[in-house]
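The next block holds one structure in the form of structure tokens; read it before the comments.
A, B, ... follow the sequence lines: proteins, then strands. Residue 1 opens every chain.
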Number of protein chains: 2
Amino acid sequence: MDDKDLRTRIKEVAVAHFNDNGYHGTTIRNIAKDVGCSLPMIYYYYSSKKELFDEIIKKEFFDLVKRQAALSKNDDVIDLYTKFIYGLNHLSDYHRKVYRLGIKVYLTFDGDEELMNLMDEWEKGILPRHREILQPYIQNIPNGEAVVRTLVHLLETMIEKIVVKNHYLPKDEIREEIAIVLQGIARGGLS
Amino acid sequence: MDDKDLRTRIKEVAVAHFNDNGYHGTTIRNIAKDVGCSLPMIYYYYSSKKELFDEIIKKEFFDLVKRQAALSKNDDVIDLYTKFIYGLNHLSDYHRKVYRLGIKVYLTFDGDEELMNLMDEWEKGILPRHREILQPYIQNIPNGEAVVRTLVHLLETMIEKIVVKNHYLPKDEIREEIAIVLQGIARGGLS
DNA sequence: TCGTTTATTTAACGTTCGTTAGTATAGTAC
DNA sequence: GTACTATACTAACGAACGTTAAATAAACGA
């Protein structure tokens, strides 16, 4: 940990602090203390507290969710979503905190207007992405659009349970719930 | 608004501030300014910032969710849940903010350990309550327990969308999604 | 070896925070 | 009318905040 460059270590510690105490509850002094450097070093690498926070959200968080969104479309659709959610259980501690922090900002916690707009753009892309994935399955069923919405809603709660609330969700429970929503449109479900 | 007693008005303004800026981002001075009273009046009615925050969560929030949890069990089960979620669209501004603040604390935002424990207790009661409501319907189906879990997960996202994200969810969309999860166990579903 | 850039420090600036001491006003009981 | 209590204020305390100025140490090409 100590051989990483200081800039990176500052960011890692900052993620933990913003997570535990929110933006206003986090102090540059406490970050510096945990990093083990002096206070102005934070300002040597980041021009302000706000810039440090923004870099975490804009780079770390959005890079992470973009990577997460790259689902392997080869699988059966229930497998695909099960793997996606289950994989969150094994995120590294750092990435989990980044993810959690992003969700907090998304839920209008501490960010500012600019970050909220970025989040809204991101949110708007979620439903179309899953609609595309599910399109082959829902073409011929009457409430296909509602199924997509329901699945996305279910996924969001499970993501929150794992990433934000730190709960472990077993693979078969995840699969069961996804199968309940997708029952009727996908072959290979459990029930 | 001005004829209410000062103690109540302080609490109402505090709810708005804690909501917008989090615990640490909220200042007693700003609350006093918005209330239109002097700063020490806050301390006349509340012994500290923390006590003010705690009263909002412990009394206002838990009173609200207990009231919300009193579902009218006469209806068809899909009607029951649809009405429950749809009704959240019409919460008063104040109660919506109280609800939102509670959810933020629940998602480990700004609170302390004691409040988090209260929240965990509350969370533990959710699943059993819905299991009891759904019991007549799931007795004879193999994945009944998973259906309960899935429904609760779906409800949580919808609550968040309405209360935290301030989205309006139309009644028929709510009903559609609930019916998808409960399809097969309840008569009277849409699809 | 010297000059320059990079990395790091101590010390402090001005501001704002939560909180309180001290005081004034208004109503009420006797 | 006087003592008392509830309600309100002005002013200030000490502490902590984000941020910066100034100085020092290390690294490195010339």
Side-chain angles (χ1 to χ4, degrees), chain A residues 1-60 101 104-105 109-115, chain B residues 1-60 101 104-105 109-115:
Chain A
M1 178 83 91
D2 259 24
D3 52 344
K4 284 186 195 164
D5 69 327
L6 188 53
R7 194 188 146 89
T8 302
R9 273 169 48 223
I10 288 172
K11 184 157 61 180
E12 287 175 353
V13 171
V15 166
H17 279 239
F18 285 133
N19 239 304
D20 292 341
N21 308 110
Y23 180 79
H24 295 287
T26 295
T27 75
I28 310 282
R29 280 171 177 81
N30 285 340
I31 293 175
K33 193 196 297 176
D34 273 15
V35 170
C37 68
S38 69
L39 189 154
M41 283 312 293
I42 315 284
Y43 288 91
Y44 185 75
Y45 290 108
Y46 300 92
S47 72
S48 70
K49 180 184 182 181
K50 186 64 175 34
E51 195 210 59
L52 174 55
F53 187 77
D54 280 9
E55 170 158 330
I56 291 168
I57 299 299
K58 289 188 190 168
K59 279 189 55 180
E60 301 291 304
L101 190 57
K104 289 184 185 183
V105 173
F109 287 72
D110 256 336
D112 63 349
E113 191 113 10
E114 187 204 356
L115 288 184
Chain B
M1 179 83 89
D2 259 23
D3 52 345
K4 284 188 195 162
D5 68 329
L6 189 52
R7 194 188 145 89
T8 302
R9 272 168 49 224
I10 288 172
K11 184 156 62 180
E12 288 175 354
V13 171
V15 165
H17 279 239
F18 285 133
N19 238 303
D20 292 340
N21 307 110
Y23 180 79
H24 292 104
T26 295
T27 75
I28 310 282
R29 279 171 177 81
N30 284 340
I31 293 174
K33 192 195 298 177
D34 273 16
V35 170
C37 69
S38 71
L39 189 154
M41 283 313 292
I42 314 283
Y43 288 91
Y44 185 76
Y45 289 108
Y46 301 92
S47 72
S48 70
K49 180 184 181 181
K50 185 66 175 35
E51 195 209 60
L52 174 55
F53 186 77
D54 280 9
E55 169 157 330
I56 291 168
I57 300 298
K58 290 187 189 167
K59 280 189 56 180
E60 300 291 303
L101 191 55
K104 290 183 185 183
V105 173
F109 287 72
D110 256 336
D112 63 349
E113 190 113 12
E114 188 204 355
L115 288 185

Review point. To the nearest angstrom, how far is A/Lys33 atom NZ from C/dT9 atom P?
Key: 15 Å
Practice item. Give, for atom CG of A/Leu101 and atom CG of A/Asp20, the distance between the pair rounded to the nearest 0.5 Å. Key: 10.0 Å
Exercise for review: Using whole Å, report how far CZ of B/Arg9 lies from P of D/dA8.
Suggested key: 9 Å
Practice item. Answer with base, sugar-phosphate or nothing: what part of the nucleic acid does B/Tyr45 contact at a heavy-atom distance below 4.0 Å? Key: sugar-phosphate
Check your understanding: Considering residues at least two apart in sequence or located in another chain, which fulfil the side chain to side chain donor-acceptor pair (under 3.5 Å) criterion with B/Lys49?
Key -> none
Exercise for review: With sequence neighbours excluded, tell me which residues meet side chain to side chain donor-acceptor pair (under 3.5 Å) with A/Lys59.
Suggested key: none
When you compare the protein's N or O atoms with those of nucleotides 18-22 of chain D, which come within less than 3.5 Å of each other, and at what distance?
| unit_1 | atom_1 | unit_2 | atom_2 | d |
| --- | --- | --- | --- | --- |
| D/dG18 | OP1 | A/Thr26 | O | 3.1 |
| D/dG18 | OP1 | A/Lys49 | NZ | 2.8 |
| D/dG18 | OP2 | A/Ile28 | N | 3.1 |
| D/dG18 | N7 | A/Arg29 | NH1 | 2.8 |
| D/dG18 | O6 | A/Arg29 | NH2 | 2.9 |
| D/dT19 | OP2 | A/Tyr43 | OH | 2.7 |
| D/dT19 | OP2 | A/Lys49 | N | 3.0 |
| D/dT19 | O5' | A/Tyr43 | OH | 3.3 |

**Study point:** Rounded distance (nearest 0.5 Å) linking atom NZ of A/Lys58 with atom CG of A/Asp54
**Key:** 4.5 Å
Exercise for review: Could you state the atom-to-atom distance from CZ of A/Arg7 to P of C/dT8 in whole Å?
Suggested key: 13 Å
Exercise for review: Please report the shortest heavy-atom distance between A/Glu51 and A/Ser47, naming the atom on each side.
Suggested key: OE1-N, 3.2 Å
Review point. CZ/B/Arg9 to CE/B/Met41 distance, rounded to the nearest 0.5 angstrom?
Key: 10.0 Å
Exercise for review: May I ask you to verify if any side-chain N or O of B/Tyr44 is less than 4.0 angstrom from the OP1 or OP2 atom of D/dT7?
Suggested key: yes
**Study point:** Nucleotide C/dA7, atom C1' - distance to OH of A/Tyr46 in whole Å
**Key:** 15 Å
Practice item. Just jot down the side chain to side chain donor-acceptor pair (under 3.5 Å) partners of B/Glu55, sequence neighbours excluded, or say none. Key: B/Arg7, B/Lys11
Review point. What string of B, S and - do you get for nucleotides 23-28 of chain C 5' to 3' if you count protein non-hydrogen atoms under 4.0 Å?
Key: ------
Point to revise | Parallel, tilted or perpendicular: ring planes of B/Tyr23 versus B/Phe53, cut at 30 and 60 degrees | key: perpendicular
Check your understanding: Atom CD1 of B/Ile10 and atom P of D/dT7: how far apart are they, to the nearest Å?
Key -> 11 Å
Practice item. Whole angstrom is fine here: how far is it from NE2 in A/His17 over to C1' in D/dC17? Key: 15 Å
With a 3.5 Å cut-off and sequence neighbours excluded, list the donor-acceptor pairs that the side chains of residues 28-38 of chain B form with protein atoms.
| unit_1 | atom_1 | unit_2 | atom_2 | d |
| --- | --- | --- | --- | --- |
| B/Asn30 | ND2 | B/Thr27 | OG1 | 3.2 |
| B/Asp34 | OD2 | B/His17 | NE2 | 2.9 |

